[in-house]
Amino acid sequence: MAAIASAINKFTNFSSWFDELIFKTRIVDNRFPVKGFIVYLENGMFLLEMIRRRLEELLVETGHKTMMFPLVTTDELFAKEAEHIKGFSSEVFVIEKAGNKTLEKKLIIRPTSETIIYPMFKLWIRSHADLPFKIHQTVNVYRYETKATRPLYRAREFPWNEAHTAHATAAEAEEQVREAITIYSKVLKELGISYLLLKRPDFDKFAGAKYSIAFDAWNPDGKVNQVATIHNLGRNFSKVFEIEFEQKDGSRALVYQLCYGFGFSRVLAAVIAQHGDDRGCVFPPSIAPVQVVIVPIPFKGYEEPIMSYCKKIHEKLARIYRCVMDDREDVTPGEKFYHWEMLGVPVRIEVGPKEVSSDKVTLFRRDTLERTEADLNDVETRIEELMTKIFTSLKERSARIMEQMTVDAYSVDEVKKALSERKIAKIEWCGKEECALKLKEHAGGEVRGSRFDIAEVPQRNCIVCGEKAQEVVYVAKAY
RNA sequence: GGGGCCGUAGUCUAGCAUGGUUAUGACACCUGGCUUGGGCCCAGGAGGUCCUGGGUUCGAAUCCCAGCGGCCCCA
């Protein structure tokens, strides 16, 4: 089978497959001369923008106000919450000079915006009538990653959306966790992405949170890709940032808070990695930069009727879809096929003398590589049907792979074996960090957490120490 | 933090051990022609601080030193 370049398979050689693909399809150019910083090209930006729009739409619908906060905080503010600074201090960029002047108060570039947003919450939140208070912003954040960086997965600058909410009671904060899950799940499911919704073990929660839950998407190399997280902060931050409100009875109380973040570039990586195949990207129709491509197959002497037939179709379809007619004359149809397939265009229309003489078109669907014939009259209906089918089959295929990738393991060795086969291991665990560390050392994977969406009750003993298991957890390598 | 590998055109790469003419090839790019139902073919063209600096030498992509950059493995 023809491949994106030199027979690179996404499951056996994921890195090359991915790097080459995102470069050739003009999603990103990672040749920027500063490590960990990449250039997003037109197709990458288009895809990010589609994902961003949908997420923001849902956030606004549910009452999150759109705002934009500054890029910087001070080290004093940043250091306020003890756990928080411990978790992030090793990876923040610090501005120490401005012009020729050495700054007395160093500025910290946000790795996340709690310490930038919460001083403002203190000013804005006065009364129970102000609650719940919900805001969100789409910005780039900066983390000095020391591990190997990889475009879209792990960069030192990355685009995300972060939401921050404040509530009167712990119960309302819990309710908000559900709402955040609903919003994020919706966006991910509309992209056909499969993931595990996990409550992170205590030792791996967000720095400063009461607990954290995360969306871990599967990846062809077996590592999981954390695309979004939701943190219940309790009153850890409101205590130190003094975010108080006046209750109905006149007494004062600290707010309960949540923050949740959605990594656009990692979501895009998941779309590419989960749906793509050895011919390249396969995009869900809703976000595909090009949804329909028309490829004329001219024969000597018949060029004119074929081209005008194509133009007619293009005119009609361009009103409904992002539709391109590839009328390049110096490129053969075969080469055009490969080109648009790599770009993940869901539906292709082929028009040659055969179609023109019978008032038909040939439709090609990117996901299954199947061709069908359609009458010119109902081409729109047929494309609409195809798009729905394509989305459903992408989604189902991704879910199936996720299922096959997850295997039960009853010993450390079995975990090791599962991970070496690029799988995610499901184990029973006592809950002690010590056992998780041992597991990481001997099997190479991290305890990612227990299912948050469904209850999985442990029946046996911890596979590491043999004591009674407290949780059913998933173990995987991670980005 | 420890160890290893590698920097040659837009991309990938040969050459390097054993220094020697004009730095190899493929893809991509430009011009013209031919073709068109899966990457066709023919002819021509352009593109290089061989990562940077220093050293050895009659002569360095090649050897030595330093720096910068990238990748991988282990902790």
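In what follows, chains are A, B, ... by sequence order, proteins preceding strands, each numbered from 1. Computed from a predicted structure; not experimentally measured.
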Between B:C16 and B:A61, how far apart are the C1' atoms? Round to whole Å, please.
-> 7 Å
Interatomic distance, A:E329 CD vs B:C30 P [rounded to whole Å] = 15 Å
Salt bridge A:D19-A:R150, side-chain N to carboxylate O under 4.0 Å | yes
Select one nucleotide: of B:G39, B:U35, B:G37, the one nearest the side-chain heavy atoms of A:E335.
-> B:G39
For A:P296, answer base if it contacts any base atom (sugar-phosphate contacts may also be present), sugar-phosphate if it contacts only those atoms, and nothing otherwise; contact means non-hydrogen atoms under 4.0 Å.
-> nothing
Nearest-Å distance for atom pair CZ/P, residues A:R328 and B:C40 | 12 Å
P atoms of B:C63 and B:G7, separation to the nearest Å | 10 Å
Please state the C1' separation for the pair B:U62 and B:G20 - nearest whole angstrom.
-> 11 Å
Counting side-chain heavy atoms from C-beta on, which of B:G37, B:U36, B:G38 comes nearest to A:E303?
-> B:U36
Flag if over 12 foreign heavy atoms under 6.0 Å of CD, A:E403 | no
Partner residues of A:K336 under the salt bridge (charged side-chain N to carboxylate O under 4.0 Å, His left out) criterion, sequence neighbours left out | A:D326
How far does the C1' atom of B:G45 sit from the matching atom of B:C64, given to the nearest Å?
-> 41 Å
Cationic tip of A:R348 above A:F364 ring, under 6.0 Å, 45° of axis | yes
Map A:R371 and A:D330 onto RNA chain B by nearest heavy atom, then report which one ends up closer to the 5' terminus.
-> A:D330
Position toward the 5' end of RNA chain B (nearest nucleotide), A:K300 or A:R348 = A:K300
Nucleotide-resolved protein contact map, nucleotides 68-75 of chain B, B/S/- at heavy-atom distance under 4.0 Å | --SSS---
Sorted by chain and residue number, the side chain to side chain donor-acceptor pair (under 3.5 Å) partners of A:K10 (sequence neighbours excluded) come out as none
Hey, could you give me each pair passing side chain to side chain donor-acceptor pair (under 3.5 Å) that has a residue in residues 374-384 of chain A? Not counting sequence neighbours.
-> A:Y321-A:E384
Could you work out the separation of B:G67 and B:C41 based on their P atoms and round it to a whole Å?
-> 49 Å
Looking at side-chain heavy atoms only, is the closest gap between A:M402 and A:S398 below 4.5 Å?
-> no
Could you measure between the two C1' atoms, the one in B:G39 and the one in B:G3, and give it in whole Å?
-> 43 Å
At under 4.0 Å between heavy atoms, which parts of nucleotides 7-12 of chain B does protein reach? Answer with one letter per nucleotide, 5' to 3': B base, S sugar-phosphate only, - none.
-> ---SS-
Taking 4.0 angstrom as the limit, do A:E20 and A:K24 come out as a salt bridge?
-> yes
Could you encode protein contacts along nucleotides 42-51 of chain B as a string, one character per nucleotide from 5' to 3', using B for base contact, S for sugar-phosphate-only contact and - for no contact, with a heavy-atom cut-off of under 4.0 Å?
-> ----------
Distance-only donor-acceptor test, A:E341 side-chain atoms vs B:G38 base atoms, 3.5 Å | yes
Nearest-Å distance once atom C1' is located in both B:U56 and B:C72 = 33 Å
Nearest-Å distance once atom C1' is located in both B:G54 and B:A28 | 37 Å
To the nearest Å, give me how far apart OH (A:Y338) and P (B:G38) are.
-> 9 Å
Paired runs of 3 or more consecutive Watson-Crick or G-U pairs involving RNA chain B, with both pairing distances under 3.5 Å, are B:1-7 with B:68-74, B:10-12 with B:25-27, B:29-33 with B:41-45, B:51-55 with B:63-67
Residues forming a side chain to side chain donor-acceptor pair (under 3.5 Å) with A:R26, sequence neighbours excluded | A:E42
Between A:K199 and A:F452, is NZ or CZ placed under 6.0 angstrom from the six-membered ring centre and within 45° of the ring axis?
-> no
Whole-Å distance, A:D326 CG to B:G37 P, equals 14 Å
Near-parallel close stack of A:F337 and B:G38 base (under 5.5 Å, under 30°) | no
Name the nucleic acid region contacted by A:F364, choosing base, sugar-phosphate or nothing; use a 4.0 angstrom heavy-atom cut-off, strictly under.
-> base
Can you find an N or O donor on one side and an acceptor on the other, under 3.5 Å apart, linking the side chain of A:E355 with the base of B:G37?
-> yes
Give every residue pair that meets the side chain to side chain donor-acceptor pair (under 3.5 Å) criterion with at least one member in residues 423-449 of chain A, sequence neighbours excluded.
-> A:D216-A:R448, A:K426-A:E456, A:K432-A:E467, A:E446-A:R448
Which pairs pass ring-ring contact (aromatic ring centres under 6.0 Å, His included) with one or both residues in residues 84-103 of chain A, sequence neighbours excluded?
-> A:F78-A:H84, A:H84-A:F88, A:H84-A:F206, A:H84-A:F237, A:F88-A:F206, A:F93-A:Y144
Side chain to side chain donor-acceptor pair (under 3.5 Å) involving A:E190 - partner list, sequence neighbours excluded = A:R54
A:Q226 meets the side chain to side chain donor-acceptor pair (under 3.5 Å) criterion, sequence neighbours left out, with A:R200
How far apart are the C-alpha atoms of A:F262 and A:Y260, what are their side-chain angles, what is the distance that settles it, and do they pass the ring pair (Phe, Tyr, Trp, His ring centres under 6.0 Å) test?
-> CA-CA 7 Å; A:F262 188 92; A:Y260 31 106; over 10 Å; no
